[in-house]
Amino acid sequence: MLNGRPARVPRAIYPGSFDPPTNGHLDVIERASKYFSELIVAVVVNPQKREPMFTLEDREEMIRKCVAHLANVRVEHFRGLLADYVKSLEADVIVKGLRVVSDFENEMSTALMNRALSDVDTMFLMSDQKYSFVSSSIVKEVFFLGGDVAALVPDPVMRVMATKRATLRK
Ligand code: PNS
């Protein structure tokens, strides 16, 4: 429900690498979940950019713990083209977060390509400004060099990261 009225768009997909999920991701998920009847957080199996630090299982599990309070959110994963996955789920819209203006350059071409491939639009939510500098990459770098990122990631993510750091130090 949004302002007491039923949400108009039934099924949205929020895709990402989530390596790891951050408070910025969770903020987008919480806000998007108010606009759509059903929000599927879709973890890409193999991010193009790099080998993920966290396994697919860890990434899915971290998100599941973070969204347990949101009844209309579920977590899945996908391989290959997002457009094919979106079509297979008969989703109505793709959701993306924008932190800063430079995010838009890449996201614009991606959104246009995804629409060309699947006829599904992408809707953007501006990240809360307190998370505009927060990315999975910067969180990983700071944490694994000993910095404090507790304010930037949800508690379940912090715990998995701490376990990972302990494993890497052995
Ligand atoms: O969290 P990220 O790494 O910014 O998410 C990027 C993601 C997973 C949304 C993007 O890489 C993606 O959609 N990958 C699936 C492959 C694909 O469809 N590529 C063509 C995009 S036009």
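Just follow the structure's listing: the first ligand is 1, and inside any ligand the first atom is 1. Count residues from 1 along the sequence.
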* Structure fact -> For residues 93-149, the ring-ring contact (aromatic ring centres under 6.0 Å, His included) pairs (sequence neighbours left out) are none

* What atoms of ligand 1 come closer than 4.0 angstrom to any heavy atom of Met113? -> 22 (S)

* To do: Step through the shown structure and confirm whether more than 12 heavy atoms of other residues, nucleotides or ligands are within 6.0 Å of CG on Leu117.
  => yes

* **Per atom 15 (C) of ligand 1, closest listed option by heavy atom (Pro15, Ser17, Gly80)** => Gly80

* By number and element, which atoms of ligand 1 are closer than 4.0 Å to a non-hydrogen atom of Val44? -> 8 (C)

* Heavy-atom side-chain contact between Lys164 and Phe54 under 4.5 Å -> yes

* To do: Quick one: which residue pairs count as a ring-ring contact (aromatic ring centres under 6.0 Å, His included) with a foot in residues 74-102, not counting sequence neighbours?
  => Phe78-Tyr85

* Would you say Leu82 and ligand 1 have an N/O pair spaced under 3.5 Å apart? -> yes

* Would you say Phe78 contacts ligand 1, with heavy atoms under 4.0 Å as the rule? -> yes

* **ligand 1 versus Leu81: contacting region, heavy-atom distance under 4.0 Å** => both

* Asked: When you measure from the side chain of Asn23 to the backbone N and O of Ala151, does any donor-acceptor pair fall under 3.5 Å?
  -> yes

